[in-house]
Amino acid sequence: MSANLENKKVLVEEIKDKISRAKSVVFVSFLGTNVENDTKLRKDIREAKSEYKVYKNTLLLRALSEMGYEGVEGYLHGSTSVAIDYEDEVSVAKVVANAKKENEKLEIKFGILNGKVVDDKYVDGLANIPTREELYAKLAFLFKAPMQRLAIGLKAVADKKGE
């Protein structure tokens, strides 16, 4: 077996491992993107504690079909990079969507969210979901508001009795 074929098999196994462990994966076309924009995207993805890799479409297709993903052949053409997040479903989608706003040549091809293939519109929708911290803050506010109103009401009743 040639060394090149062996290297390809190793890469396919690497792709399968990364995708199987990921909570979300965004496949991106970076055709026409300049080095400055690509470097910024890589930095932003690293800061989001995610991973960004470029693989050959044939290797991606082989790995995805071995994992049982169907219907992705139409997306895997041209230049394809992969943004992978192992901890959060939305953070990598947010980073890529923000980069897409700054660079119109960047294109979201499709994504995989918790093991299911989703289209580019779904990935864009994910980017609009608030972060986990924002959701926790909103939830805390919702829990606090009724108790605060109750305390104000009880104080008003107590003040009236004291008059």
Side-chain angles (χ1 to χ4, degrees), residues 14-55 60 63-64 67-72 74-76 78-163:
E14 175 185 311
I15 294 167
K16 287 168 48 178
D17 175 59
K18 289 177 185 287
I19 291 175
S20 67
R21 291 184 297 119
K23 291 219 177 181
S24 65
V25 183
V26 178
F27 294 82
V28 179
S29 171
F30 59 93
L31 187 65
T33 302
N34 62 31
V35 174
E36 180 183 337
N37 288 337
D38 189 57
T39 303
K40 183 180 181 328
L41 175 61
R42 288 175 184 271
K43 178 181 168 275
D44 292 344
I45 288 176
R46 254 192 324 273
E47 287 174 357
K49 296 181 177 104
S50 301
E51 194 174 333
Y52 184 77
K53 292 281 223 173
V54 177
Y55 293 109
L60 286 170
L64 291 171
M67 294 177 74
Y69 292 107
E70 296 178 8
V72 297
Y75 297 114
L76 294 174
S79 58
T80 305
S81 58
V82 184
I84 304 168
D85 197 317
Y86 302 106
E87 297 176 13
D88 189 9
E89 287 85 356
V90 298
S91 63
V92 79
K94 281 183 175 299
V95 171
V96 172
N98 286 337
K100 184 179 160 187
K101 289 177 190 172
E102 297 171 9
N103 177 11
E104 67 275 352
K105 292 185 180 179
L106 191 72
E107 174 191 340
I108 297 172
K109 292 183 171 191
F110 72 104
I112 297 177
L113 178 67
N114 290 326
K116 294 186 179 165
V117 175
V118 295
D119 64 3
D120 61 325
K121 290 173 184 53
Y122 195 94
V123 174
D124 279 334
L126 277 178
N128 295 324
I129 294 175
T131 64
R132 181 175 284 148
E133 290 77 23
E134 290 170 334
L135 290 174
Y136 284 150
K138 287 179 181 181
L139 185 62
F141 176 77
L142 288 174
F143 284 141
K144 179 184 148 196
M147 289 184 270
Q148 189 175 20
R149 280 192 229 119
L150 177 64
I152 291 170
L154 290 174
K155 183 176 180 332
V157 169
D159 288 347
K160 262 191 171 180
K161 281 189 177 182
E163 290 178 3

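These figures come from a predicted structure and were not determined experimentally. As a basis for the values below, the full set of heavy atoms in this structure was taken, side chains included, without hydrogen atoms, waters or symmetry mates. Count residues from 1 along the sequence.
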Discussion item. To the nearest 0.5 Å, what is the distance between OG on Ser20 and CD1 on Ile15?
Written reply: 12.0 Å
Worksheet, complete the sentence: NZ of Lys94 to CG of Leu126, rounded to nearest 0.5 Å, is 9.0 Å
Residue pair [X] / [Y], side-chain heavy-atom distance below 4.5 Å:
X      : Y     : answer
Val72  : Leu76 : yes
Glu14  : Tyr55 : yes
Val26  : Val82 : no
Leu106 : Val28 : yes

Item to complete: List the atom of Tyr86, the atom of Lys23, and the distance in Å for their closest heavy-atom pair.
Response: O-CG, 3.5 Å
Practice prompt. Provide the closest heavy-atom pair for Ala93 versus Ala127 in the form atom of the first, atom of the second, distance.
Written response: O-CB, 3.7 Å
Worksheet entry | With sequence neighbours excluded, residues passing salt bridge (charged side-chain N to carboxylate O under 4.0 Å, His left out) with Lys100 | Asp124
Discussion item. With a 6.0 Å cut-off (strictly less than), is the heavy-atom count around OH of Tyr69, excluding the residue itself, greater than 12?
Written reply: yes
Fill in: Which residues share a side chain to side chain donor-acceptor pair (under 3.5 Å) with Ser50, sequence neighbours left out
Asp85
Worksheet item: Which residues satisfy the side chain to side chain donor-acceptor pair (under 3.5 Å) test with Asn98, sequence neighbours excluded?
Response: none
Worksheet item: By side chain to side chain contact (heavy atoms under 4.5 Å, CB included), which residues pair with Lys16, not counting sequence neighbours?
Response: Val12, Glu13, Ala63, Glu66, Met67
Item to complete: Please lay out, stage by stage, how Glu51 and Lys18 fare under the test salt bridge (Lys or Arg N to Asp or Glu O under 4.0 Å).
Response: CA-CA 9 Å; Glu51 194 174 333; Lys18 289 177 185 287; 2.3 Å; yes
Show me the side-chain donor-acceptor pairs of residues 33-42 shorter than 3.5 Å, one per line, residues at least two apart or across chains.
residue, atom, partner, partner atom, Å
Thr33, OG1, Phe30, O, 2.9
Thr33, OG1, Asn103, ND2, 3.3
Asn34, OD1, Glu36, N, 3.3
Asn34, OD1, Asn37, N, 2.7
Asn34, OD1, Asn37, ND2, 3.3
Asp38, OD1, Tyr52, OH, 3.4
Asp38, OD2, Arg42, NE, 3.0
Thr39, OG1, Val35, O, 2.7
Lys40, NZ, Asp44, OD2, 2.9

Worksheet item: Would a distance-only check, ignoring hydrogens and angles, find a side-chain to backbone donor-acceptor pair under 3.5 Å from Ser81 to Val54?
Response: no
Under 3.5 Å, which donor-acceptor pairs do the side chains of residues 107-114 form with other protein atoms, sequence neighbours left out?
residue, atom, partner, partner atom, Å
Lys109, NZ, Tyr75, O, 3.3
Lys109, NZ, His77, O, 2.4
Lys109, NZ, Ser79, O, 3.2
Lys109, NZ, Thr80, OG1, 2.6

